[in-house]
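Quick one: this structure, given as structure tokens, is what I'll be asking you about.
What's counted below: heavy atoms across the whole structure, side chains too, no hydrogens, waters or symmetry copies.
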Amino acid sequence: MHSETYGQYLQREKDIQDIEEYFTKTRQMSLPITVCTLDQLFDFVFRYAGFEPKLATLSYSKVIIDEVQMYSPDLLAYLIVGLSYIQKVGGQFAILTATLPGIIPDLLVKNGVSFTRAEEDFISDRVRHSLEVVHEQINSDFISDFYDGNRILVICNTVRVAKEMYEELEKIYDDEVKLIHSQFIKRDRNAKSDAILADGHKTSEGPCIWVATQVVEASLDIDFDLLFTELSDLNGLFQRMGRCYRNRELDVATNVYVFDEKCSGIGKNSVIDPLIHQNSRKALQEVGGAISEAEKLALIDRVYSTEALAGSDYYTAVIDNIDYVQSFHTYELDKKTVREKFRNINSVTVIPEPVFDENRTEIEGYMAEISKSGKENKRSRMEARTRLAEFMMDAPGYIVKKSELVKKEMTKYETISVLKCNYSSEIGIILKEPSQENLFF
């Protein structure tokens, strides 16, 4: 259940007898299994007018929460409050996660949620990683020394640094270096995802270098030979390490190199909390060589305990958001207002101007199809939306502020935004002032 559901169903039409009925059941959450994101499910925590049917459905449902450590402070707060409501009305939940930060069980208990922990962690005895902390800023000179028949993955904290690494390595190794991050249109992003899956498959043998951001941390099943990464935080690091020797026994001296100096994207207004980053950095000083799965979990317990995070911006934001969402009276807000508060996403869906100009005829054809009214045109409109989305991307707010948007009317109530910028399928959006670029993902 997400914005592209109908288009996905159209691609699987031979497996679905009646797309319209199946789509309706999806939106009503009446199918046996519904897969969705947290913001689509847990908005009921604001108790807006009309929230009852969603909570009633969850009262006889089993809610499975995946990779809970990936949530931002506001979404984690909504999850904690939401699980307390679900349990009160009789629903059940399970949290399945690679790592469980200690603050989460503590917050659940604090908010009246009862639960049973697994008697033991589901971890393998296999040792997959040997880690070396490099007390330098991530740099292409260090990385290039290891390119000798290896499949290399380089992960940077920000798009800016990822682009810099790509450009430096590309000068040395030409088209053997590839780049993936979030600032590509959907068509190019999908092509890059397919390419990195192929290069990162366990049976792939050709040497390559992929430069990425944290978009690869949990969304791609890849298995590279060597990982070079900036330190973000311990949770992020262990997620990144899962893209290297994913299902292999360690058979080399070192396969993970972590750069812990002058890491990008650390700060009060960035995704990575400075205190968590600093605590992660301290914990890694004790690590050198092979590290087991049990040792990884022990480090997580230390860095993400309630005591260790007390006073951090992250922990404060979680508590503040819990108090905030509980401060509203039932029916005080309408659903539209809640959606705006809940998502709080600072991005704008756009088509880069070079992409629009190059594909103008095709794009305007889809816009014309979408503008047609009538029930008989519903399917063709949905198909046109799906194809139009291939040329779109979510541009970060800071890029939009630095550029100019041109609105093009599609229907009486709907426009598309064309972003005046440079764009290439190799690098993505290219700003006229790249020095001001600094964004995660």
Side-chain angles (χ1 to χ4, degrees), residues 1-27 37 40 178-197 215 219 339 343 345 347-397 399-432 441:
M1 183 169 67
H2 57 72
S3 60
E4 299 175 14
T5 295
Y6 197 95
Q8 291 293 320
Y9 287 171
L10 285 174
Q11 296 177 26
R12 295 164 174 78
E13 187 169 11
K14 65 180 187 303
D15 301 319
I16 304 174
Q17 291 184 346
D18 187 335
I19 287 182
E20 296 297 334
E21 180 183 7
Y22 201 77
F23 182 62
T24 299
K25 287 183 176 180
T26 298
R27 297 182 66 181
T37 55
Q40 294 171 313
K178 302 179 181 70
L179 174 68
I180 183 170
H181 52 70
S182 66
Q183 294 177 18
F184 290 99
I185 62 171
K186 184 183 176 185
R187 180 185 62 187
D188 294 338
R189 174 82 173 271
N190 288 345
K192 287 179 176 292
S193 295
D194 292 341
I196 196 173
L197 282 169
V215 295
S219 60
R339 297 305 289 173
R343 299 211 66 175
I345 295 175
S347 64
V348 180
T349 301
V350 303
I351 300 177
E353 186 177 44
V355 174
F356 184 87
D357 292 341
E358 184 178 341
N359 302 276
R360 180 183 294 269
T361 300
E362 187 176 355
I363 290 172
E364 290 181 344
Y366 296 143
M367 293 171 63
E369 193 64 40
I370 292 169
S371 68
K372 294 180 180 178
S373 60
K375 189 175 180 180
E376 68 278 5
N377 294 314
K378 179 180 178 180
R379 183 189 176 99
S380 63
R381 289 199 302 269
M382 296 301 291
E383 289 176 344
R385 286 186 185 279
T386 300
R387 295 193 173 97
L388 181 61
E390 293 291 311
F391 302 104
M392 294 180 169
M393 61 163 288
D394 290 329
I399 284 183
V400 175
K401 289 178 181 178
K402 297 292 182 183
S403 307
E404 180 184 350
L405 278 183
V406 178
K407 301 284 188 178
K408 295 188 179 293
E409 185 175 302
M410 193 155 50
T411 69
K412 185 178 179 180
Y413 306 102
E414 192 174 5
T415 62
I416 64 169
S417 299
V418 176
L419 183 69
K420 286 184 171 291
C421 65
N422 296 319
Y423 179 87
S424 84
S425 58
E426 289 79 29
I427 298 178
I429 282 183
I430 303 168
L431 295 181
K432 295 180 180 179
F441 302 111

Separation of Tyr9 OH from Phe23 CZ (nearest 0.5 Å): 8.0 Å
I would like to know whether Ser182 and Asp394 meet side-chain contact (heavy atoms from CB on, under 4.5 Å); could you show each step before the answer? CA-CA 8 Å; Ser182 66; Asp394 290 329; over 6 Å; no
Should Cys421 and Lys402 count as side-chain neighbours, where that means a heavy-atom distance under 4.5 Å?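 Cys421 does not reach Lys402 side chain to side chain.
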Test ring pair (Phe, Tyr, Trp, His ring centres under 6.0 Å) applied to Phe391 - qualifying residues, sequence neighbours left out: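 Partners of Phe391 under the ring pair (Phe, Tyr, Trp, His ring centres under 6.0 Å) test: none.
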Is the shortest side-chain heavy-atom distance between Ile416 and Leu388 below 4.5 Å? yes
Side chain Tyr423, main chain Ile185, donor-acceptor under 3.5 Å: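 Yes.
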I need the Lys186 NZ to Ile351 CD1 distance, nearest 0.5 Å.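 One gets 13.0 Å once the value is rounded to the nearest 0.5 Å.
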Can you name the salt bridge (charged side-chain N to carboxylate O under 4.0 Å, His left out) partners of Arg187, sequence neighbours left out? none
If we only count heavy atoms from C-beta on, is the Thr386 to Tyr6 side-chain gap below 4.5 Å? no
Of Glu369, Glu414, Glu390, which meets salt bridge (Lys or Arg N to Asp or Glu O under 4.0 Å) against Arg385?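 The salt bridge (Lys or Arg N to Asp or Glu O under 4.0 Å) with Arg385 is passed solely by Glu414 among Glu369, Glu414, Glu390.
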What pair of heavy atoms forms the shortest contact from Val355 to Ile363, and how long is it?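 Between these two residues, the closest heavy atoms are O-CD1, 4.1 Å.
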Got Thr415 and Met410 here, is their nearest side-chain heavy-atom distance under 4.5 Å? no
4.5 Å side-chain heavy-atom contact, Val406 and Phe356: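 Not in contact.
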Side chains of Val418 and Lys408 in contact at under 4.5 Å (non-hydrogen atoms): yes
Start with the C-alpha gap between Ile196 and Lys178, add the side-chain angles, then the distance that decides, and say whether side-chain contact (heavy atoms from CB on, under 4.5 Å) holds. CA-CA 9 Å; Ile196 196 173; Lys178 302 179 181 70; over 6 Å; no
Working to the nearest 0.5 angstrom, can you tell me the gap between Ser193 OG and Arg189 CZ?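 Rounded to the nearest 0.5 Å, the OG-CZ separation comes to 5.5 Å.
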So for atom CD, which belongs to Gln11, do other residues, nucleotides or ligands contribute more than 12 heavy atoms lying within a distance under 6.0 Å? yes
Answer whether the closest heavy-atom distance between the side chains of Met393 and Leu419 falls below 4.5 Å. no
Test of understanding: with ring pair (Phe, Tyr, Trp, His ring centres under 6.0 Å), list the residues that count as partners of Phe184, not counting sequence neighbours.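 So Phe184 forms a ring pair (Phe, Tyr, Trp, His ring centres under 6.0 Å) with His181.
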Could you tell me the separation between the CG atom of Asn377 and the CD1 atom of Ile370, rounded to the nearest 0.5 Å?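 Answer for the CG-CD1 pair, Asn377 versus Ile370, is 12.0 Å.
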Does some side-chain heavy atom of Ser425 sit less than 4.5 Å from a side-chain heavy atom of Lys192? no
Nearest non-hydrogen partners of Lys407 and Ser417, listed with the distance: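 Nearest heavy atoms, Lys407 then Ser417: NZ-OG, 3.0 Å.
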Output yes when a side-chain donor or acceptor of Ser403 lies under 3.5 Å from a complementary backbone atom of Val400, and no otherwise.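 No.
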So CD1 of Ile19 and OG1 of Thr26: to nearest 0.5 Å the spacing works out to 11.0 Å
Measuring from Lys412:NZ to Ser371:OG, what's the distance to the nearest 0.5 Å? 14.0 Å
Pairs where residues 352-361 contributes a residue and the test salt bridge (charged side-chain N to carboxylate O under 4.0 Å, His left out) is met, not counting sequence neighbours: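 Qualifying pairs, neighbours excluded: Glu353-Lys420, Asp357-Arg360, Arg360-Glu364.
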Results of side-chain hydrogen bond (donor to acceptor under 3.5 Å, both in side chains) for Glu21 - residues two or more places apart only: Lys25
Pairs meeting criterion salt bridge (charged side-chain N to carboxylate O under 4.0 Å, His left out) with involvement of residues 6-16, two or more places apart: Glu13-Arg379
